Amino acid sequence: MKAARLQTPRRPVKKPSNNRPKDPVGVYCRVRPLTAGDEACCLEVISNTTIQLHPPDWIKVNRNGEFKEMQYSFKEVFGVYTTQKELFNVVAQPLVEDLIHGKNGLLFTYGVTGSGKTHTMTGSPGDGGLLPRCLDMIFCSIGPFQAKRYVFKPDDKNAMEVQNEVDALLERQKRDCQPTATPKAMSSRQRMDPEFADMITVPEHCKAEGVDEDSVYSLFVSYVEIYNNYLYDLLEEVPQDPIKPKAPQSKNLREDSNHNMYVSGCTEVEVKSTEEAFEVFWKGQKKRRIANTTLNRESSRSHSVFIIKLAQAPLDADGDNVLQAKDQTTVSQLSLVDLAGSERTTRTRAEGSRLREAGNINQSLMTLRTCIEVLRENQMYGTNKMVPYRDSKLTHLFKNYFDGEGKVRMIVCVNPKADDYEETLLVMRFAEMTQEVEVARPIDRPICGFTPGRRYRNQAFKEELTRKLELRGGPVDGDPTFTELFLRSFAPLPSVELTDASDEHTLPRLIECLEQRQRARHLATEEVKKSVNALRGMLQDWDSNFSVKENYIQDQTEKLHEKDRIINGQKSEADRLEKKIRTLEYKIEILQKTANIYEDDKRTLQHELDERDQKLHREVSDKRRLEQRMQGVVTDTKMKWEKECERRVQAKQLEMQNKLWVKDEKLKQLKAIVAETRTERPEKPERMPRARDAKVHVRSASPPAVPNAPPVRLRHRRSRSAGGERWVDHKPVGNVEIDTVLQPHIPNAITVAVPNEKALAKCDKYILTHQELASDGEIQTKLIKGEVFKTRGGGQCVQFTDVEKLKQESPVGPRKRRSSPSAQPREDTTESEWTDVETRCSVAVEMKAGSNFGPGYQHHAQPKRRKP
Ligand code: ADP
Ligand code: MG
C-alpha cells in the first residue's frame, strides 16, 4: 500500500460537531437454521432482542465449568424462520430511504464462515437477499425520475458532473458505437441470466416515501473485493489472455474533497433497472469466483464491497431540464459489505501460502475490532486516541462512515451449531462492543430554491399544449389568432379604387377608417397593457404571499425536523439506558448468586471450625485429666516405694543391730562365766559376779549404753495398786487419723509422740500405734504392745509382748493382685516383718535416765521409721 501518497497535506477535517445528534451502530442478529448433520445446538433465541449461548458439554469439561450461560442483546434478533423480506424491511429499508434522501449508509454482515452472511446479503437461488431487494426498492422509488443515461458523469475524484441532455445524447450515441460498451439497458427479463433471475424477482415491491419529484436521479454501482489487504475492482474490463492469465491489478484508496474515502480508478457503472444492476453484480461475482479458482484463493477469506451510488440534481425552474450546477448535485452512497469469515486461522486449517492470507484477513478484521474499540473508548470517556483506520484497507474504506456521518448497521450472522460455540462467543463480544459506538446522524439535504411541483406542472402544461395542438389539428393551420379575431371585429375597409384623378372622397374615407383602426388598436394596446400590469401585480402579490408561506412552511419543517431529531436522540438514549439497565440487572443477579454461594461456604466453614474447636477443647481437657491422673499415680507409687525402701533399710539395720547385740551379750556372758570360774578358785578371790547375781548388784556408775543383760521377767513390775495399769500411748506425729469405728481406747494413758524416759518411768505398759502402707495399698495399723521394766542401770526398758493388726479394706472388695513375680517376695517381706516384730518383741530397750538421745537410737525394737 502506498501510504505515502495518502499523506499529502490535509485540510482541516470536517468533524461532526459534538452537539450533532448521534445514533449507535444498529447491530442485528440473524440465526440460521441448523443443517441436517448438526444436532448439537449452543444458542437459543429467548426474545426478539436477546439470545442466550449455552456452552456445550465439552467446553464445560475442558474448562472446569468456568463457561457460563451468557445472554446477548441486540437491536433485534431474527430467528431461523425470519424471511429475507422481514429482514430487509427492518434492517435495509431505512438505509435505502436515507440513500434516496441523499444520506450515506453502510450495511455489513459479520460472522464465521457458513453462518449465512452471503445468504443474507446476496441471497440464495429463489430467495434474494438484501442486495437485490435494495436495488429493487431504489428503482421502484426513482423509476419515473431517472435521468437520461450520461446526464450524470462520474469524474475521477468521486464527484459527479452534470451535462445537458443534448450532450448526454451525443455521448450515448458515441458509446453505443464502441464495441466494449457498458451493458445496454435490458428491455425484458428474457435476456436475464437464469442463474439469478429468480433472485431479483421480488413479489412485493417497496417504495421510499418522500422522493423529491423535482429532481432527476441516476444510480451507479461498483463492486470491489478486498483480499489479502489489496483492493480489486471486480467490474474492471481488462482483456484477459486465456493462456497466461494476468493477476488483477490492485487499486488504491483516496480521499475526496468531502473527506470521503473512495477507490481510485474504480469502475462505476450507471444502471437503469434492478435487472441491469444485478447483472453487473453477478458479473463481478463470477469474476471473483474465477479469480478465486485460478489464483487458488479461498473465497471465504475475502471481503466483498458492493457500492450503490445515487446521484441526484434538481430540475431547473421550468421543471424541464436538469440544473447544471455542481453545488446542487447530491451524491449519496450505500455500501453493502459481505465480510470474510471471522474465524481464527487455526480453524480453517490454512497452510503454506494460505496461512499468510488468512493472517491478513484476520488482521483486517482485527483492525476493525481495534478501531471499534478505540472509537468506543473515545466516545465513552472523551479521550482523543487515534483510531487506526489506516492499518487496513477495510477500515480505511469505512472511515468516512465512522468519522463522518451516516447510518451504520451490522447483521451478526450466527450458526447455532455447538462446534462454532467458541467462535460465536468472540462474534458476540465484538457485537456487544460495536453497539456502543455512535455515528453522527446525517443531516438533511438543503432544499433548493425552486418551487416544488414544477416537474408535474411542466408535464401538465406540456400535456395540455399537446392536447390543444391535437384539438386544433396542429399549430400551423389552426384557429385564427387573437390578432386575427381583433382585426375581424373592425368594419371592413372602404373601397380604395380611385375612379378619377380628382376623386376626393375615397382617400379621405380610407384615411379616416385607418385612423379609426389606429385609435382602436391604440385603445386595445392600452387595455392589454393595463390587463398585463394588473395580472403582473396580482402575480407578484401571489408570489410574495407564496414565498412568505413557503418560508413559513420551511421554518416549520425545520423546527419539525429539529424536534424529530431531539425525539430520536432521546429515544436512542432511552434505548441505550434500558439496555444498560438490563445488563446491570443481569450482572447484579450474577453477583447476588455468587454472594449467596460464598455466604453458604462461609457458614459451612464456620460450622466446621466450631466443631473442630470443640473437639480440640475436649482433647485438651482429656489430656489434662490424664496428666493429673498419671501424676497422682506417679506420686503414689513414688511414696509407696520410698516408704518400702526405708522400711526395709530400717528392718535390716535393726536386725543387724540385734544380731550384734546378741553376740555382744553372749560375749559378755562368756566373760562372766570365765570370771565366775576364777572366783570359785581360792587363789582367785577376786571374781567377776555371775550374770544371774548381777540382778542384786548395783551396776557400776557408768553403765553401758546398751543393756548388758537380757531383759527378764525377774525384774519387778511396777506396783499396780495405784489404780491398775498405766499406759504410755506412743502415737508418732506422722500417723494418719483414721476413721475406723473400732479404735483402741486406753484409759489413763500418757499419750506421747516421742517416748521419753519420764513418761516410761510413770507407766508399766507401752503401746505403739504404727501405721504403714500394706501391699494392697491400704493403710495397715499395728498396735505393738509391751511391758515397761526398770533396768539395772536405772533406765527403762520395754519388752514387746503383743502385736495387734488393724487393717482397712475397700468395700468394693479385695483388689485383685496381679500375679507378678514380685508377689512372692512381698509375702516374704511380710513374713520377715513378722520376724522383725518378733525380734523386736524379744528385745528390750534400755533408756538411760537423763539421756538426750531419742528413742530412734536406743529403742531397738522401734517398729516405726525414725523421725527427725
Ligand atoms: P457465509 O457466507 O457466512 O460463509 P453462507 O451464506 O454461504 O455463509 O451460508 C452457508 C449455507 O447456509 C448456504 O448454503 C446457505 O444457503 C445456508 N444458509 C445460510 N443462512 C441461511 C438461512 N437463514 N436460511 C437457510 N439457509 C441458510
Ligand atoms: Mg460467504
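Both counts, for ligands and for their atoms, begin at 1 and track the order of listing. Computed from a predicted model, the values in this text were never measured in an experiment.
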Looking at Lys309 and Glu268, does any basic side-chain N land under 4.0 Å from a carboxylate oxygen? yes
Could you tell me whether Lys272 and Glu270 make a salt bridge, using a distance below 4.0 angstrom between a side-chain N and a carboxylate O? yes
Tell me the residues surrounding ligand 1, counting only those with a heavy atom closer than 4.0 angstrom, sorted by chain and number. Arg30, Arg32, Pro33, Val112, Thr113, Gly114, Ser115, Gly116, Lys117, Thr118, His119, Ser124
So, are Arg376 and Glu373 salt-bridged, with charged N and O less than 4.0 Å apart? no
Using a strict 4.0 Å threshold on nitrogen-to-oxygen distance, state whether Lys283 and Glu237 make a salt bridge. yes
For the Mg ion (ligand 2), how many protein N, O or S atoms lie at less than 2.8 Å? 1
Centroid-centroid under 6.0 Å between Tyr223 and Phe306 rings: yes
So, are Asp338 and Lys117 salt-bridged, with charged N and O less than 4.0 Å apart? no
Give a yes or no on whether a salt bridge exists between Glu423 and Lys417, defined as a side-chain N under 4.0 angstrom from a carboxylate O. no
Does the pair Lys287/Glu236 count as a salt bridge with the N-to-O cut at 4.0 Å? no
With no hydrogens and no angle check, just 3.5 Å: does a side-chain donor-acceptor pair link Gln52 and Glu69? yes
